[in-house]
Amino acid sequence: MAMQSVPARGQNPVAGILWMLVTGVCFVAVTALVKLSGQGIPAAQSAFLRYVLGLVFLLPVLGRLMRLRMDRGRLMLYGGRGLAHALGVICWFFAMTRIPVAEVTAMNYLNPIYVTLGAALLFGERLAARRILAIAAAFLGVLVILRPGFREISDGHVAMLFTAVLFGISYLTAKLLSERDDAVVVVAMMSIAVTVVLAPVALAVWVTPRWDQVAGLFLVALFATAGHYTMTRAFRAAPLTVTQPITFLQLVWATLVGWLAFGEAVDGWVLLGGGMIIGSVVFITWREAVHKRRAVTPPTHLPET
């Protein structure tokens, strides 16, 4: 008789799902607020203001950061990640003002796909046939969303393609850095580096913002920080195979927000393509979990009968 797996100590799938639901609400709120507040402000400036206002959340760890001693190699990694992430954020803010909320959300799911490809190319991680098929299905999902030849592909769609690549580079660099520094340091250093990189670009295109726009971008920083916190809680409470499928609801909520708040039409092709991308991400996550479980679980030899 097959043995059933026993939940790991401290795992709480229900809590993980609830935390992930809150995460989805936070990130959809970020998307909606950027679209609402970013109108009339250059993308680079909006991104810069979001990170400057978000620095207030780093005050509790400022003393710890000042005591850090880093070699040149680590500083270059942090700087490189800051550059990649800053360019990705600019592209993301730009796309938000050009294409519907649901399309931004759906195409943003490409990030894990690029991370998987990058891990195979840079870190030598094995890319099995099933993963390759899942990646191919994700890119097919992008084609379903864009439908080249059947609809106009705007500069916002192109910006989102670059966003996914640049964020993928950022996350791969974070993987390297997380092996040397803890999560608080990695997140804080990224926020500081992105702010520094964005500053000259924002000043070059500066437009005096209204107070309501500044307030909106502060809420963006608040919800983004809260979303990363609740996502971390979700990952601690339950396995990725439980929490990852919940991210599909972000696309549903983003579609509803776009329809109710901005009068954007509900596009079934976007939901279909986004579902294909998410399905691919969930499959890759599940396979990774199975692989890790096999690596740490010794084989069970049943007695002969």
Can I get a per-line list of side-chain donor-acceptor pairs under 3.5 Å for residues 265-279, giving both atom names and the distance, sequence neighbours left out?
| from | atom 1 | to | atom 2 | distance (Å) |
| --- | --- | --- | --- | --- |
| Asp267 | OD1 | Trp269 | N | 2.9 |
| Asp267 | OD2 | Arg147 | NH2 | 3.3 |

**Fill in**
salt bridge (Lys or Arg N to Asp or Glu O under 4.0 Å) filter on Asp212, not counting sequence neighbours, yields Arg210

**Item:** Residue pairs passing the ring-ring contact (aromatic ring centres under 6.0 Å, His included) test where at least one lies in residues 151-190, sequence neighbours excluded
**Value:** His85-Phe167

**Request:** Give a yes-or-no answer on whether the side chains of Ser170 and Arg81 include a donor-acceptor pair shorter than 3.5 Å.
**Result:** yes

**Asked** So do the side chains of Glu264 and Lys35 get within less than 4.5 Å of each other, counting heavy atoms only?
**Response** yes

**Prompt:** Atom CG of Leu36 and atom OG1 of Thr31: how far apart are they, to the nearest 0.5 Å?
**Reply:** 12.5 Å

**Message:** Between Gln45 and Val207 (side chain of the first, backbone of the second, donor and acceptor by atom type, cut-off under 3.5 Å), is there such a pair?
**Reply:** yes

**Asked** Hey, does Tyr78 have a side-chain heavy atom less than 4.5 Å from the side chain of Thr173?
**Response** no

**Message:** How long is the straight-line distance from CH2 of Trp206 back to OG1 of Thr208, given to the nearest 0.5 Å?
**Reply:** 8.0 Å

**Asked** Under 4.5 Å between any side-chain heavy atoms of Thr230 and Phe27, yes or no?
**Response** no

**Asked** Are Trp92 and Leu166 close enough that some pair of their side-chain heavy atoms sits under 4.5 Å apart?
**Response** no

**Request:** Check the angle between the aromatic planes of Phe57 and Phe218 and answer parallel, tilted or perpendicular using the 30° and 60° thresholds.
**Result:** parallel

